[in-house]
Amino acid sequence: MIASRDLELLESFDGNGDVLLTAYLQLDTPEHRRSAYGEFLELARARLDASEHRSEYRQALEEDIEIVGLYLKSNSQGTRRHPGLAIFSCAARLFWRAYPLPVALTNRVEVGRRFDVQPLKEIVGALVH
């Protein structure tokens with residue numbers, strides 16, 4: 001699972017104005033594992049298309065999307081043995097983290113000034129109690 005220091009790092013990460021990408025992927029069934037890459041791309045592209053960020057932010061997001069896509073394609077065996085996966089990326093700051101999760105979460109991609117760690121905090125909280 002995720003160490004508390006990693007969770008603190010994600011919560012306090014400062015992208016200095018750069019856009020951060022958070023992805024949660026559901027990998028609990030063979031069908032979900034097969035479709036994870038395509039669904040990630042679809043959700044990420046929708047976020048990118050809806051983005052009103054300046055062109056340099058859009059370029060950084062394109063890099064994040066490419067990095068996550070490469071990870072999913074090249075590391076399919078390692079990541080897909082777990083019911084879920086959380087990914088945090090900021091290509092502009094050379095920041096990257098991927099965490100296998102013990103539970104499945106609905107596929108989602110968030111883009112913003114902060115990483116979306118709330119689902120991760122809820123998982124950690126549920127496992128502690």
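Keep in mind it's a predicted model, so treat the numbers as computed, not measured. Residue numbers count from 1 along this sequence.
The distance from the CZ atom of Arg113 to the CG atom of Asp18 is 8.0 Å, given to the nearest 0.5 Å. Here Ser89 contributes atom OG and Phe115 contributes atom CZ; the two are 7.0 Å apart, rounded to the nearest 0.5 Å. Taken to the nearest 0.5 Å, the CD1 atom of Ile67 stands 8.0 Å off from the CG atom of Leu94. Between atom CG of residue Asp64 and atom CG of residue Leu20 there is a gap of 8.0 Å, rounded to the nearest 0.5 Å.
With sequence neighbours left out, the salt bridge (Lys or Arg N to Asp or Glu O under 4.0 Å) criterion links Arg97 to no other residue. Remark: Glu62 engages Arg45 in a salt bridge (Lys or Arg N to Asp or Glu O under 4.0 Å) (not counting sequence neighbours).
Side-chain atoms of Arg114 come within 3.5 Å of backbone atoms of Phe13 as a donor-acceptor pair (strictly under, hydrogens ignored). Not a single donor-acceptor pair under 3.5 Å links the side chain of Arg47 to the backbone N or O of Glu110.
Residues Asn107 and Gln26 form a side-chain contact, since some pair of their non-hydrogen atoms from C-beta on lies under 4.5 Å apart. Residues Asp116 and Phe88 have side chains not in contact (no heavy-atom distance under 4.5 Å, counting atoms from C-beta outward). Between Glu11 and Lys121 the shortest side-chain heavy-atom distance falls below 4.5 Å. Put simply, the side chain of Arg33 reaches to within 4.5 Å of the side chain of Leu27, judged on heavy atoms. Residues Trp96 and Ile87 form a side-chain contact, since some pair of their non-hydrogen atoms from C-beta on lies under 4.5 Å apart. Put simply, the side chain of Ile123 does not reach to within 4.5 Å of the side chain of Ile2, judged on heavy atoms. Proximity of Asp6 to Tyr99: side-chain heavy atoms (C-beta onward) are separated by under 4.5 Å at one or more points. Using a 4.5 Å cut-off on side-chain heavy atoms (C-beta onward), Val117 and Thr22 make no contact.
Ala23 and Val109 make their closest contact through CB-CG2, 4.2 Å (heavy atoms, listed as atom of the first residue, atom of the second, distance). Shown here for Arg93 and Gly15, the closest heavy-atom pair between the two residues is NE-O, 3.1 Å. Annotation for Leu85 and Pro100: closest pair CD1-N, 3.9 Å, computed over non-hydrogen atoms. Heavy-atom minimum distance, Ala60 versus Ala92: CB-CB, 4.3 Å. Closest approach of Leu25 to Ala36, counting heavy atoms only: CD2-O, 4.4 Å. Smallest separation of non-hydrogen atoms from Tyr24 and Leu105: CD2-CD1, 3.5 Å.
Within a 6.0 Å sphere centred on CD of Glu66, other residues, nucleotides and ligands contribute 12 heavy atoms or fewer.
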